Amino acid sequence: MTEPSPPNGPGPDGLWSVDAHLADVLAVVRPLEPIELPLLDAQGCVLTEDVTVPGALPPFDNSSMDGYAVRAADVHGASAAYPAVLTVLGDVAAGSGSLPTVRPGTAARVMTGAPLPPGAEAVVPVEWTDGGAGGGPAVDMTGPAGPEVRVHRPAAPGQFVRARGSDAALGAVALTAGAVLGPPQLGLLAALGRATVPVRPRPRVAVLSTGSELVAPGVPLGPGQIHDSNGFLLAAAARQAGAVAHRVAAVADDPGTLRATLEDQLAGADLVVTSGGVSVGAYDVVKAALTDLDPEVGSVAFRRLAMQPGKPQGFGLLGRARAPLFALPGNPVSAYVSFELFVRPALRALAGRPATELHRPRTVARLVGDAPLRSPEGRRQFLRGRYTPPADGAALGTVRPVGAADSHLVAALARADALIEIPEAVTEASPGGEFAVVLLG
Ligand code: AMP
Ligand code: MG
């Protein structure tokens, strides 16, 4: 198996930098194998092959208006005072397969999207005719076609005709490998007649909370119990990152149960996220269950990172398919910050996104607040904040801290939309200072 091989390991203090850990993670995460998916199942996925146009689009010359298909010579010089009077051959509706031939002196009434009948060169919109009613200008074509129509304006060849191939020419590249399939791309594929496309599938993620204190929301709390919030937080974050994620019922602090649950989950997951049980407590079950694994089963490294929150982290590859496993710390804010920094990029790498599209957008903002914020030396700190984009004329937006630094504060987390990054060397972040901000979207 591929051991996570650090491009650079821990520092002299034994702590890994955020960047070194992330690089280590991304070095072993490979895009998932492409599969052929029905169009709507491929939404948001990365296309893995160029798609060429199998047949011109539109496939035939057709009318872009409701009106009359005519020969240009027949309406040459027509005006309201001297209309061209043409014999109407009948209607051509969208989807019509049998077409009348428009000979000199005749016209066919055509609907938007109807094939241009042979002999016709242009379409005169109904508003430029009497609509076959023998009177003034027509407003619509809801009635039956009259025997003849008076045309009040001339028409150049090609007028109101969508030419075959004018949208996409036969053999042209419609979409290139690497395109992310959003609604317009899926619409194009459908227009080209493609029912399925080769894409990287959405990663399947199992989210597993650990802790004997955890009960599911909806269940009343007994003494010492809390509700499992990480399972929902992390499964939702994985879905937001484009994964198909499910939450597994919280596992008690028992290594045997955890190993059995992981084995079950690995059967249907491309990536596993656990939370809790990775620090140095007496019941740190994830660490206990996944340290010194049989190499057949996989290997997980437990590390301390020079960051706050999120210092203890586990990462490795597990199971026959060597699925990435992230063992995140248990405090909800720590788990979420760790997810955003490490798991989200890994999920996007699995989905085939290029290196430039793995991360949340970042910006620089001016810190606002009443007092300086303390930050531990040698740790990259991620505070929760609310970001306000630059006001008119200002170069920078502002960011205001939400709640304190403590990593159990889920209520404050729910009010935040950004992470404020305080660099390792900064121990006091003063209002007015400029700081990098991760926009959580
Ligand atoms: P641990 O890392 O397991 O020691 O957990 C650290 C803290 O996070 C403890 O206060 C746990 O009760 C809490 N915690 C762990 N897992 C969860 C979870 N799934 N939901 C909410 N809180 C959790
Ligand atoms: Mg725990």
Side-chain angles (χ1 to χ4, degrees), residues 15-16 21 205-241 243 245-262 264-265 269 271-291 300-316 325-344 376 379 381-384 403-416:
L15 302 186
W16 286 65
H21 181 65
V205 175
V207 175
L208 216 153
S209 301
T210 69
S212 297
E213 72 278 31
L214 303 176
V215 295
V219 177
L221 297 177
Q225 294 184 326
I226 61 171
H227 289 122
D228 167 21
S229 55
N230 291 353
F232 294 86
L233 172 72
L234 298 171
R239 287 182 186 184
Q240 197 182 56
H246 72 276
R247 165 192 171 264
V248 181
V251 177
D253 289 318
D254 169 61
T257 313
L258 177 63
R259 267 194 225 102
T261 309
L262 277 173
D264 276 2
Q265 292 300 326
L271 183 147
V272 178
V273 183
T274 69
S275 68
V278 292
S279 43
V280 292
Y283 301 96
D284 278 326
V285 62
V286 178
K287 217 169 168 178
L290 299 181
T291 301
V300 180
F302 289 90
R303 329 182 147 141
R304 289 172 304 132
L305 267 56
M307 75 182 267
Q308 188 199 60
K311 185 177 174 192
Q313 298 279 341
F315 173 70
L325 173 130
F326 289 85
L328 307 182
N331 273 305
V333 176
S334 314
Y336 180 62
V337 169
S338 307
F339 182 96
E340 288 294 337
L341 294 182
F342 307 120
V343 187
R344 185 182 158 95
R379 302 278 187 283
Q381 193 183 35
F382 292 92
L383 297 169
R384 279 64 66 202
D406 308 65
S407 52
H408 65 290
L409 301 174
V410 278
L413 179 63
R415 294 195 302 273

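All ligand and atom numbering here is 1-based and tracks the order in the structure. Sequential numbering from 1 along the given sequence is applied to the chain's residues. All values reported here derive from a predicted model rather than from experimental measurement.
The protein atom (non-hydrogen) at minimum distance from atom 23 (C) of ligand 1 is G330 O, 3.4 Å. The nearest heavy-atom contact from the protein to atom 7 (C) of ligand 1 is N331 OD1, 3.5 Å. In terms of protein heavy atoms, atom 12 (O) of ligand 1 is closest to E213 OE2, 2.5 Å.
A side chain to side chain contact (heavy atoms under 4.5 Å, CB included) with T257 holds for exactly one of V285, V251, T210; it is V251. With L328 as the fixed residue, the side chain to side chain contact (heavy atoms under 4.5 Å, CB included) test singles out one of V286, T274, L234: L234. For the side chain to side chain contact (heavy atoms under 4.5 Å, CB included) with L325, the lone residue among L262, L271, L208 that qualifies is L262.
Using a distance-only test at 3.5 Å, with no hydrogens or angles considered, a donor-acceptor pair links the side chain of R384 to the main chain of A404.
When the heavy-atom distances from atom 16 (N) of ligand 1 to V207, L328, V215, N230 are ranked, the shortest goes to N230.
Every atom of ligand 1 is numbered from 1 in the order shown, and the set under 4.0 Å from a heavy atom of S209 is 19 (N). For ligand 1, the atoms lying closer than 4.0 Å to a non-hydrogen atom of H227 are 20 (N), 21 (C). Taking every non-hydrogen atom of G277 and a distance limit under 4.0 Å, the qualifying atoms of ligand 1 come out as 1 (P), 2 (O), 3 (O). Ligand 1 places these atoms under 4.0 Å from at least one heavy atom of D228: 18 (C), 19 (N), 20 (N).
Under the 4.0 angstrom criterion for non-hydrogen atoms, S229 is in contact with ligand 1.
For the pair I226 and ligand 1, the shortest N or O to N or O distance does not fall below 3.5 Å.
Under the 3.5 Å distance criterion, with hydrogens and angles disregarded, no donor-acceptor pair is assigned to the side chains of S334 and N331.
Annotation: side chain to side chain donor-acceptor pair (under 3.5 Å) contacts of S275 (sequence neighbours excluded): N230.
Ring geometry, H21 versus F315: the interplanar angle exceeds 60°, so the pair is classed perpendicular (tilted spans 30 to 60°).
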